[in-house]
Student: 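First the structure, which I've put down as structure tokens, then a few questions once you've had a look.
Keep in mind that what you see is a predicted model, and the values were worked out from it rather than measured. For ligands, and for the atoms within them, numbers begin at 1 and follow the listed sequence.
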Amino acid sequence: MRGKAIQAVRGMNDILPGEAHLWEFFEDTVQDWLRGYGYRGIRMPLVENTELFVRSIGEVTDIVEKEMYSFTDRLNGDSLTLRPEGTASCVRAVVEHNLLYGGPQRLWYSGAMFRHERPQKGRYRQFHQVGVEALGFAGPDIDAEQIVMGARLWRQLKLPDIALQINTLGDSESRARYRSRVQDYLQRHADAFDEAARERIQKNPLRVLDSKDPALQDVIADAPKLIAELDGPARQHFEQLQAVLLDLGITYEINPRLVRGLDYYNLTVFEWVTDRLGAQGTVCAGGRYDGLIEQIGGKPAPACGFAMGIERLLALMADNGNREPPQPHAYIVHQGDAASRLAWRIAERLRDAGFEAILHCGGGSFKAQVKKADASRAHYAVIIGDDEVSANDVSLKPLRTAGEQRRMNVEQLITLMHSIEEN
Ligand code: ATP
Ligand code: MG
């Protein structure tokens with residue numbers, strides 16, 4: 001008896017073959033781009049101790065309050081969590097393996113993240129990020145480098161209209177002064193807020209500035225600005241960052257409301273945003289987190305990083321008509337025992353020569369096989385029947401261009417395919 005069909009978990013998507021090629025193109029581009037800046041890969045587990053995220057992301061944040069997939073390890077009762085982001089895990093790994101002992105590190109990772117959010121376009125419960133972290137660097141030069149990197153990647157992916165917003169959260173002193181000024185201000189407008197937000201004003205007032213609730217936007221717009229609180233070194237850090245951006249012709253907007261949804265940031269924060277994706281417009285976000293390494297138990301060291309949402313970037317790429325699926329070079333059609341044996345050998349020869357070849361499997365008439373060849377988007381059908389076997393050659397039929405079917409031997413086939421590949 002046929003069982004009831006089982007479906008994927010809500011908010012967790014299959015990436016089907018029709019879109020996988022876009023992912024592969026993105027991943028290839030990203031790897032080359034990261035190599036171009038000297039970043040090295042690191043791969044962390046998908047599951048960490050819950051405490052890691054509570055301590056790094058912060059107790060009073062959306063992620064820790066309501067978005068984590070946490071569960072108890074059945075064997076020892078530990079609380080574990082599917083990673084909601086990569087920075088905490090990456091820093092944990094760097095500390096655990098003493099990577100900073102060998103000097104500063106430029107690292108990157110890519111993979112699935114899990115957050116229990118309300119699924120909608122551009123917002124999923126399993127989604128994917130590429131994360132970039134530079135650890136052990138104190139100066140604004142590395143902040144600038146990471147922003148410059150973003151600008152280059154959007155160019156390489158041919159993504160227009162991604163705008164840069166930057167802000168500074170100051171150092172811990174200016175931030176503490178600012179925190180209490182914002183708290184005072186918000187408290188004076190407390191009647192505009194609901195219960196939960198009022199509690200946030202008490203516990204984490206800066207986070208209230210991050211709210212997307214339309215009813216609060218007026219109050220938030222008039223809140224005091226941190227820039228006014230900045231003192232010497234923090235101001236200088238921000239100015240030096242901007243000097244590099246100006247120098248390289250990277251346009252940006254200072255958004256004083258940009259505070260980011262995690263607690264560990266200080267000084268520089270930035271987001272790349274587009275208005276082509278509706279409400280889920282942030283495609284990449286990051287900033288400096290100088291206190292985090294120490295907070296996780298490492299020797300104090302500064303750091304800066306960012307993460308981009310792959311689904312949102314791919315949605316932009318698709319939106320951009322960037323969608324050509326790959327085309328194999330040849331689809332090999334064959335009938336009869338001797339022909340099939342020759343077909344196997346020729347398929348392997350073509351792959352030896354670096355071509356993508358699909359060998360027809362499953363039999364059927366020549367006519368049906370050529371139909372499959374056409375549907376495969378291959379450039380050519382390589383046809384092998386009894387005639388070809390006795391002459392020890394193949395017939396080549398162009399599928400995408402006009403032209404007659406032609407007989408040739410395998411050497412000629414390979415030479416011809418190379419010459420086509422070069423044009
Ligand atoms: P948002 O404000 O959209 O909730 P965030 O500040 O929570 O984003 P970060 O934690 O900074 O996001 O993650 C970096 C990037 O990862 C985001 O800019 C976005 O592109 C992507 N991202 C975050 N959450 C999701 C999600 N649930 N689904 C898809 N992409 C996401
Ligand atoms: Mg979020």
Student: Do any heavy atoms of Gln280 fall under 4.0 Å from ligand 1?
Tutor: no

Student: Side-chain donor-acceptor pair under 3.5 Å between Arg288 and Gln146, yes or no?
Tutor: no

Student: For the NZ atom on Lys225, are there more than 12 heavy atoms of other groups (residues, nucleotides or ligands in this structure) within a distance under 6.0 Å?
Tutor: yes

Student: Can you tell me if Gln156 and Thr29 form a side-chain donor-acceptor pair at under 3.5 Å?
Tutor: no

Student: May I ask you to check whether Asp290 and Asn266 show a side-chain donor-acceptor distance below 3.5 Å?
Tutor: yes

Student: Indicate yes or no: at least one non-hydrogen side-chain atom of Arg40 is less than 4.5 angstrom from one of Gln105.
Tutor: yes

Student: Considering heavy atoms of the protein only, find what lies nearest to atom 2 (O) of ligand 1 and give residue, atom and distance to 0.1 Å.
Tutor: Lys212 NZ, 2.8 Å

Student: Within less than 4.0 angstrom of ligand 1, does Glu85 place any heavy atom?
Tutor: no

Student: Identify, with sequence neighbours excluded, every residue that meets ring pair (Phe, Tyr, Trp, His ring centres under 6.0 Å) alongside His128.
Tutor: Trp23

Student: Please report which non-hydrogen protein atom sits nearest to atom 10 (O) of ligand 1, along with the residue it belongs to and the distance in Å to one decimal place.
Tutor: Arg115 NH2, 2.7 Å

Student: Between Glu117 and ligand 1, which part of the residue brings a heavy atom under 4.0 Å of the ligand: side chain, backbone, both or neither?
Tutor: side chain

Student: Among protein heavy atoms, which lies nearest atom 21 (C) of ligand 1, and at what distance?
Tutor: Gly309 CA, 3.6 Å

Student: Tell me whether the centres of the aromatic rings in Tyr69 and His116 are closer together than 6.0 Å.
Tutor: yes

Student: Would you confirm whether the ring centroid of Phe193 sits within less than 6.0 angstrom of the ring centroid of His189?
Tutor: no

Student: Considering only the protein, which heavy-atom contact is closest to atom 22 (N) of ligand 1, and what is its distance?
Tutor: Phe127 CE1, 3.5 Å

Student: Strictly under 4.0 Å, does any heavy atom of Arg312 approach an atom of ligand 1?
Tutor: yes

Student: Does any N or O in the side chain of Arg115 come within less than 3.5 Å of the main-chain N or O of Asp62, such that one atom is a donor and the other an acceptor?
Tutor: no

Student: Determine whether any protein heavy atom is located less than 4.0 Å from atom 7 (O) of ligand 1.
Tutor: yes

Student: When you measure from atom 1 (P) of ligand 1 to each heavy atom in Arg123, His116, Met113, which option holds the nearest one?
Tutor: Arg123

Student: Just jot down the ligand 1 atoms closer than 4.0 angstrom to any heavy atom of Ala285, in number order.
Tutor: 11 (O)

Student: Identify, by atom number and element, the atoms of ligand 1 in contact range of Thr282, meaning under 4.0 Å from any of its heavy atoms.
Tutor: 17 (C), 18 (O), 19 (C), 20 (O)

Student: May I ask you to identify the nearest protein heavy atom to atom 11 (O) of ligand 1, giving residue, atom name and distance to one decimal place in Å?
Tutor: Arg260 NH2, 2.4 Å

Student: What pairs meet the salt bridge (charged side-chain N to carboxylate O under 4.0 Å, His left out) rule with one or both residues in residues 144-154, with sequence neighbours excluded?
Tutor: Arg106-Glu145

Student: Short list, please: which atoms of ligand 1 are under 4.0 Å from a heavy atom of Gln129?
Tutor: 13 (O), 14 (C), 15 (C), 16 (O)

Student: Taking non-hydrogen atoms only, is Val283 closer than 4.0 angstrom to ligand 1 via side chain, backbone, both or neither?
Tutor: backbone

Student: Do me a favour and list the nearest non-hydrogen protein atom to atom 28 (N) of ligand 1 with residue, atom name and distance?
Tutor: Tyr124 N, 3.0 Å

